[in-house]
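Here is the structure we will look at, set down as C-alpha cells.
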Amino acid sequence: ARVVQNGVRAIASRYDLEYWGRCERETRFPEEIWRDLADGGWLGLCVPEDYGGAGAGLLEMAVATEELAFCGGGTSASFLYVLTPGFGALTIARHGTKEQQRALLPGLARGELEFCFALTEPDAGSDAMAITTHARRDGSDFVVRGQKIWISGVQRARWMIVVTRTTPADEAERRRDGFTLLLVDVPEAVVAGTLQVTPIEKLGSNLVHSNQVFLDDVRVPAERVIGEVDRGFEVLFDILNPERILTAAGAVGHAELALRLGSEYARSRVVFDRPIGSNQAIAFPLAQAKAQAELARLMTHKAAWLFDTQQQCGLEANVAKLAAAQAAWDASDRAFQTHGGMAYSTDYPIERLFRGARIAKIGPVSEELILAHIATRHLGLPRSF
C-alpha cells in the first residue's frame with residue numbers, strides 16, 4: 001500500500017488545486033491525470049498480472065483514491081477509481097467469464113476501456129429491490145427496456161453494467177431472485193438509437209456527467225451476462241460494497257485536504273497580533289475533525305481488507321462510508337469557518353470542497369439508510385422500512 005501511496009502521490013502532486021478547480025468549472029474529466037495514472041499502471045491495480053495488471057486488491061485502490069482526493073481532487077476524484085477500476089476491472093476480475101476477462105481486462109488495465117454502472121431508477125433509489133428495468137430473452141439475446149437515473153460517466157464509457165429484472169418480483173421465489181446483470185455496449189446502443197442519455201445539472205462533482213438513461217429495447221447478447229441469470233444479486237453486493245469503500249476513501253482524502261488548507265490558513269492569518277490558529281475555538285474543531293478522519297481511514301482500510309480476503313464486509317463498508325462522509329463534511333465546514341468570508345470566494349478552493357463534501361453524505365447511499373441497516377441487521381431492532 002505504501003508503494004501505491006507514493007506512486008500515486010508522485011503523479012497527483014503535479015496537478016495543483018487550480019487544475020482540479022478548472023476541471024470542475026469546465027465540467028471536464030481530468031484527462032491528463034487519468035492518462036498519467038494509466039501510463040504508470042495505477043489503473044490496473046486489481047487486474048490480475050496475467051492480464052497486464054498489478055494483481056493487487058481493493059485496499060490498494062482505496063489508498064490510491066485517498067491520495068487523488070488529498071492532492072486536490074476531493075470527493076470528486078473518487079470517480080476515477082469507482083467507475084472503471086471499481087465497477088469495471090474489479091467486477092470482471094471477480095465475476096466475469098474467462099472470455100470476458102480476456103476481452104476486457106487488458107484494456108481496463110491500460111485505461112483504454114472505461115465503464116459505468118446503472119442501478120438507480122427514478123422510483124428505485126435506496127430500494128434496489130424495486131427496480132423495474134426488465135430484460136426479456138429473445139433468441140440468443142436479451143432485450144432491455146427501462147430507465148435509470150444518476151448514472152455517472154456514461155459519456156466516456158464503452159461498457160455499462162446494467163442491473164435488470166429477468167423474472168418479475170411477483171414471480172420470484174425470494175425477494176433477491178430474478179435480477180440479472182448485463183454488459184451493454186454503450187456506443188453500439190447509442191448508434192442503434194436504443195440508448196438515450198440526458199445529463200443532469202449538478203451542484204458539484206462535475207468532473208464527470210451524471211445522467212438519466214433511457215433503454216428502449218437495447219439488445220444484449222447472452223454471453224454478456226455477468227454472473228448467472230436471475231442470480232445477479234450475488235454479484236451486486238460485490239459492486240456496491242467496493243463502491244462504498246472507495247467513496248469512503250475519497251471522503252477521507254477530502255477531509256485531509258480540507259484540514260490541510262484550513263490549518264495552513266489558521267497558521268498564516270493574523271488577527272489581534274496573533275495567528276487565528278492559536279485560538280482554541282479554531283484549533284479544537286480542526287483537531288476533532290482530524291481525529292474523525294483518522295478513525296474513518298482505519299475503518300475504510302479494514303473494510304477493504306475484509307473484501308480482499310473474501311470475508312463479509314457489509315457492516316464495515318457501510319460504517320466506513322458513514323464515518324468518512326461525516327469526517328469530510330465536518331472538516332470542510334471547519335475549513336470554511338476558519339477562512340471566514342474568504343471561503344465564500346471562488347478564488348479559494350474551499351467553496352468547491354464544501355460543495356463536494358455534501359454529496360458524500362447522500363451518495364452512493366444516504367446516511368439514514370446506513371443507520372437503518374445497522375439498526376436492523378446488526379442491533380436486531382424492528383424494521384422501519
Side-chain angles (χ1 to χ4, degrees), residues 8-40 42-43 64-88 111-117 149-158 160 186-187 190 196-213 246-247 249-251 253-258 260-261 328-329 332 335-336 339 342-360 362-364:
V8 173
R9 182 172 293 186
I11 291 172
S13 62
R14 301 202 296 263
Y15 296 87
D16 58 14
L17 287 163
E18 174 54 31
Y19 169 81
W20 291 100
R22 188 166 61 252
C23 290
E24 172 74 20
R25 290 191 302 273
E26 296 174 359
T27 317
R28 184 175 73 83
F29 187 78
E31 184 69 48
E32 298 82 4
I33 194 169
W34 173 264
R35 187 42 48 198
D36 283 351
L37 290 168
D39 292 344
W42 302 114
L43 297 179
T65 303
E66 182 184 332
E67 281 304 309
L68 282 184
F70 172 71
C71 288
T75 56
S76 295
S78 302
F79 283 118
L80 275 70
Y81 274 93
V82 169
L83 295 180
T84 292
F87 292 153
E112 296 171 356
L113 290 179
E114 296 186 39
F115 267 61
C116 63
F117 174 63
I149 197 168
W150 291 112
I151 311 307
S152 297
V154 184
Q155 283 80 0
R156 295 179 58 87
R158 167 64 192 275
M160 178 193 297
V186 175
V190 169
Q196 290 82 42
V197 179
T198 303
I200 300 169
E201 291 191 13
K202 300 185 293 183
L203 175 67
S205 296
N206 284 309
L207 300 185
V208 300
H209 293 285
S210 296
N211 310 275
Q212 292 190 74
V213 176
L246 292 174
T247 300
H254 183 109
E256 293 285 12
L257 173 59
R260 171 163 64 87
L261 296 177
W329 175 254
S332 299
F336 197 110
H339 278 74
M342 296 312 298
Y344 222 66
S345 168
T346 56
D347 289 337
Y348 285 73
I350 301 302
E351 58 84 27
R352 173 171 65 88
L353 298 185
F354 193 71
R355 288 183 288 114
R358 193 62 185 84
I359 187 62
I362 58 174

Distance in Å, L17 CG paired with L353 CG, rounded so as to fall on 0.5 Å steps: 7.5 Å

So, taking the atom named CZ in R358 and the one named OG in S205, what distance separates them when rounded to the nearest 0.5 Å? 12.0 Å

Please assess E18 against R25 for the test salt bridge (charged side-chain N to carboxylate O under 4.0 Å, His left out), listing each intermediate value before the final yes or no. CA-CA 10 Å; E18 174 54 31; R25 290 191 302 273; 2.6 Å; yes

Please report the interatomic distance CG(N211) to CD(Q155), rounded to the nearest 0.5 Å. 4.0 Å

Should L83 and V208 be marked as a side-chain contact (heavy atoms from CB on, under 4.5 Å) after you check the CA-CA gap, both sets of side-chain angles, and the distance that decides it? CA-CA 10 Å; L83 295 180; V208 300; 4.2 Å; yes

Applying side-chain contact (heavy atoms from CB on, under 4.5 Å) to Y81 and W42, what does each step give before you reach the verdict? CA-CA 10 Å; Y81 274 93; W42 302 114; 3.6 Å; yes

Euclidean distance, I33 CD1 relative to I11 CD1, rounded to 0.5 Å: 7.5 Å

Looking at every heavy atom in both A343 and H339, which two are closest together, and how far apart are they? CB-CB, 3.7 Å

Using modelled atom types and a 3.5 Å cut-off, is there a donor and acceptor pairing between side-chain atoms of H254 and backbone atoms of G250? no

Sub-4.5 Å side-chain heavy-atom contact between I149 and I200: yes

Could you tell me which residues satisfy ring pair (Phe, Tyr, Trp, His ring centres under 6.0 Å) with F117, sequence neighbours excluded, listed by chain and number? F87

On a heavy-atom basis, the closest approach of E24 and N206 is OE1-N, 2.9 Å

In chain order, what residues pass the salt bridge (Lys or Arg N to Asp or Glu O under 4.0 Å) check against R158, with sequence neighbours excluded? D185

Using a 4.5 Å cut-off on heavy atoms from C-beta on, say whether the side chain of D36 contacts that of R14. yes

Quick check: does any side chain N or O of S78 sit under 3.5 Å from a backbone N or O of T75, one acting as donor and the other as acceptor? yes

Which residues pass the side chain to side chain donor-acceptor pair (under 3.5 Å) test with S152, not counting sequence neighbours? S210

Sequence-distant partners of R28, salt bridge (Lys or Arg N to Asp or Glu O under 4.0 Å), two or more places apart: E26, E32

Within the side chain of R9, is there an N or O that forms a donor-acceptor pair under 3.5 Å with the backbone of F70? no

Pairs in or reaching into residues 342-352: which pass salt bridge (charged side-chain N to carboxylate O under 4.0 Å, His left out), with residues at least two apart or in two chains? E351-R355

How long is the gap from OG on S76 to CG on L207, to the nearest 0.5 Å? 4.5 Å

Which pair of non-hydrogen atoms, one from W20 and one from Y15, has the smallest distance, and what is that distance? NE1-O, 3.7 Å

With sequence neighbours left out, write down each residue that passes salt bridge (Lys or Arg N to Asp or Glu O under 4.0 Å) with E256, or none if nothing qualifies. K290, R297

Should the heavy atoms of other residues, nucleotides or ligands under 6.0 Å from CD of E31 be counted, would the total exceed 12? yes

Assess whether side-chain contact (heavy atoms from CB on, under 4.5 Å) is satisfied between W34 and E114, documenting all intermediate values. CA-CA 11 Å; W34 173 264; E114 296 186 39; 3.6 Å; yes

Could you check if a side-chain atom of V186 sits within less than 4.5 angstrom of a side-chain atom of V197, using non-hydrogen atoms only? no

Go through it in stages, so that I can follow the logic: the residues are T84 and L113, the test is side-chain contact (heavy atoms from CB on, under 4.5 Å), and I'd like the CA-CA distance, side-chain angles, deciding distance and then a yes or no. CA-CA 8 Å; T84 292; L113 290 179; over 6 Å; no

In Å, rounded to the nearest 0.5 Å, how long is the span from NE2 of H209 to CZ of F79? 11.5 Å

Heavy-atom pair of closest approach, residues P30 and L80: CG-CD1, 3.8 Å

For A38 against L43, the heavy-atom pair lying closest together: CB-CD1, 3.5 Å

Which pair of non-hydrogen atoms, one from A157 and one from P187, has the smallest distance, and what is that distance? O-CD, 4.1 Å

Looking at Q212, is its backbone amide N or carbonyl O close enough to the side chain of T198 to form a donor-acceptor pair, meaning the two atoms are under 3.5 Å apart? no

